[in-house]
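None of the values given here were measured: they were computed from a predicted structure.
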Amino acid sequence: MSTLPQENNPEDVNNCSFWMPGNYQRTVKRTEDSFQACNDIVACFQERARVERQYAQQLSEWSNKWKPVVDSSPLYGSLLKAWQCFLSSADRLASLHASICRSLVSEDGDRVRTWQKDSFHKKLFGGFKESQDFETGFARAQKPWAKRLKKLDKARRAYHKVSRKEQAAREREAHSQGNPDVAIERQKKIQEERELAQQEAEKVRTRYEKVLEEVNRYAPRYMEEMESIFDQSQDEERKRIIFLKQAFLSIHKHLDVTNNESVKAIYNELHNTLMAIDEQEDLCWWKNTHGPGMPTDWPHFQEWTPEKKPKKGKKEVEQKGTIEKSEMIGGVKVRALYDYVGQETDELSFKAGEEFLKIEDEDDQGWCRGMKDGGWEGLYPANYVEVV
């Protein structure tokens, strides 16, 4: 318990100590403050959710804007794949940040709102039941204490008043003694006034000490009752702190992309794609696709053969034979020797080591027709594969 007031100073009566009358209001108001804090937390992270959503939209817009530019760029091979990987990574990050937005609103925000509704019970005419309960408890415990303090303050002021009166009487007596200008009768009267003032001061002091003793005897009971209500308030506040700690940890989990496995996978894949840029492979592809390595029908001697006039029904037989020759029944299994990215819509794309079926033999330009799993057909350079 803090020191009781010793001077007639309003600041001593209304100081900031919890034990002084009315100062428990800060503890009571904590319930209302916590309710408002929940509103602020929800509003704060709803705004952060909008930031995440806007960032996701900007990533998607950026990716969609540059995709046609990248796809039609003069880059090729592994260098083109690396550039394209930046855009695909942005699409995946956009999905991730959109999911963060949803988590902040639908998971974290709703969680705080639900807890707030269950923990704070509004009264019909304003305020909260929890606040009223604490207010009632503190007021009931403090009412007899406040009465005793008021009585003590009255006794203190009375004692200080008679003490000042006694001091004045002593000063008058000291001034009159040895003063030839003051008559003997007057000196005796002054002495009597001092004695009366002294007796009155002792009497008031005794009353003051008695009231103080009564207050000090009651203090332990007062402290026990106040601390009991305060402990109840602390228990409620402890629950609020524990919940909000878990809510903040959940928000941190959603926002902390540094430990998100999806983000790690995105950037690991991007890094691997960048490290896979191979100038030798790209130069080889260019050589075989647009350079000296391209298949070509070099000039050679062609023997002249007379044309045979087809007999009736022969044309149909020849066409059937040609189909049987160019289209292989079931196809031949081949394995890619190099990566190939189709430059036209009717061309196949594949990676080195990939296996698929050759369904038509090589034509005069050095191209074969193949079919991959799923039924996708297209042309490819014959010298890019080997028969398995």
Side-chain angles (χ1 to χ4, degrees), residues 59-60 63-64 66-96 261-298 322-388:
L59 281 175
S60 296
S63 176
N64 293 333
W66 284 96
K67 273 180 182 177
V69 177
V70 174
D71 292 342
S72 60
S73 74
L75 298 186
Y76 56 89
S78 60
L79 205 59
L80 177 60
K81 290 180 183 177
W83 195 357
Q84 291 171 332
C85 192
F86 278 105
L87 304 183
S88 62
S89 298
D91 290 334
R92 294 166 65 184
L93 285 173
S95 299
L96 173 65
E261 295 300 326
S262 298
V263 174
K264 291 180 180 180
I266 291 172
Y267 283 105
N268 284 339
E269 180 178 334
L270 176 59
H271 180 265
N272 293 336
T273 303
L274 299 179
M275 294 303 295
I277 296 176
D278 188 335
E279 67 278 10
Q280 294 298 332
E281 180 181 330
D282 287 0
L283 293 173
C284 180
W285 177 88
W286 185 268
K287 177 181 178 181
N288 293 330
T289 306
H290 302 290
M294 291 180 65
T296 187
D297 185 17
W298 293 99
T322 301
I323 294 173
E324 290 177 349
K325 181 178 179 181
S326 60
E327 296 185 4
M328 301 178 180
I329 299 176
V332 177
K333 194 172 185 179
V334 296
R335 181 186 296 113
L337 297 173
Y338 316 102
D339 287 356
Y340 180 74
V341 179
Q343 303 299 303
E344 304 293 340
T345 57
D346 61 345
E347 295 181 12
L348 282 182
S349 298
F350 47 78
K351 295 182 177 295
E354 188 176 350
E355 296 182 355
F356 53 92
L357 293 178
K358 179 175 73 172
I359 58 174
E360 286 188 13
D361 282 331
E362 181 180 353
D363 61 14
D364 293 341
Q365 300 298 320
W367 294 84
C368 296
R369 179 174 292 277
M371 181 173 67
K372 300 178 70 174
D373 293 343
W376 182 262
E377 295 185 14
L379 300 174
Y380 64 89
N383 61 347
Y384 269 55
V385 303
E386 61 179 3
V387 177
V388 178

*Asks:* Using the salt bridge (Lys or Arg N to Asp or Glu O under 4.0 Å) rule, collect all pairs that involve residues 278-295, keeping only residues at least two apart or in two chains.
*Replies:* none

*Asks:* Write down the atom of F350, the atom of A336, and the distance for their closest heavy-atom approach.
*Replies:* CD1-CB, 3.4 Å

*Asks:* What distance separates Y267 OH from R92 CZ, expressed to the nearest 0.5 Å?
*Replies:* 10.5 Å

*Asks:* Side-chain contact test, heavy atoms from C-beta onward, threshold under 4.5 Å: evaluate it for F86 versus L274 and give yes or no.
*Replies:* yes

*Asks:* Could you state the interatomic distance from SG (C284) to CG (D339), rounded to the nearest 0.5 Å?
*Replies:* 10.0 Å

*Asks:* Quick one: does K333's side chain get under 4.5 Å of V387's, heavy atoms only?
*Replies:* no

*Asks:* Is it the case that the side chains of Y76 and Q343 hold a donor-acceptor pair, with the cut-off being a distance below 3.5 Å and no angle test?
*Replies:* no

*Asks:* Can you see which heavy atom on Q84 is nearest to which on V70, and at what distance?
*Replies:* CG-CG1, 3.7 Å

*Asks:* Identify the two heavy atoms, one from S88 and one from C85, that lie closest to each other, and give their separation to 0.1 Å.
*Replies:* OG-O, 3.0 Å

*Asks:* Please check if atom CG in D346 has more than 12 non-hydrogen atoms from other residues, nucleotides or ligands closer than 6.0 Å.
*Replies:* yes

*Asks:* Work out which heavy atom in E360 is nearest to a heavy atom in C368; give both atom names and the distance.
*Replies:* O-CB, 3.6 Å

*Asks:* Drop me the distance from F356's CZ to D373's CG, to the nearest 0.5 angstrom.
*Replies:* 11.0 Å

*Asks:* For I277, what residues pass the side chain to side chain contact (heavy atoms under 4.5 Å, CB included) criterion, not counting sequence neighbours?
*Replies:* S78, L79, A82

*Asks:* Are the aromatic ring centres of Y340 and Y380 under 6.0 angstrom apart?
*Replies:* no

*Asks:* Heavy atoms only: give me the nearest K67-D91 pair and the separation to one decimal.
*Replies:* NZ-OD2, 2.8 Å

*Asks:* When rounded to the nearest 0.5 angstrom, what is the spacing between CG in N288 and CG in N383?
*Replies:* 5.5 Å

*Asks:* How many angstroms lie between CG in L80 and CH2 in W285, if you round to the nearest 0.5 Å?
*Replies:* 9.0 Å

*Asks:* Check whether more than 12 heavy atoms from other residues, nucleotides or ligands sit under 6.0 Å from atom NE2 of H271, and answer yes or no.
*Replies:* no

*Asks:* Using a 3.5 Å distance criterion without hydrogens, assess whether the side chain of S63 forms a donor-acceptor pair with backbone atoms of S60.
*Replies:* no

*Asks:* Among E355, E377, E354, find the residue that satisfies the salt bridge (Lys or Arg N to Asp or Glu O under 4.0 Å) test when tested with K372.
*Replies:* E354

*Asks:* Given M294 and T289, is the side-chain contact (heavy atoms from CB on, under 4.5 Å) satisfied, shown in steps?
*Replies:* CA-CA 5 Å; M294 291 180 65; T289 306; 5.5 Å; no

*Asks:* Please report the interatomic distance CG(D71) to OG(S73), rounded to the nearest 0.5 Å.
*Replies:* 7.5 Å

*Asks:* Answer yes or no: does atom CH2 of W66 have more than 12 heavy-atom neighbours from other residues, nucleotides or ligands under 6.0 Å?
*Replies:* no

*Asks:* Do Q365 and L379 have side-chain heavy atoms sitting under 4.5 Å apart?
*Replies:* no

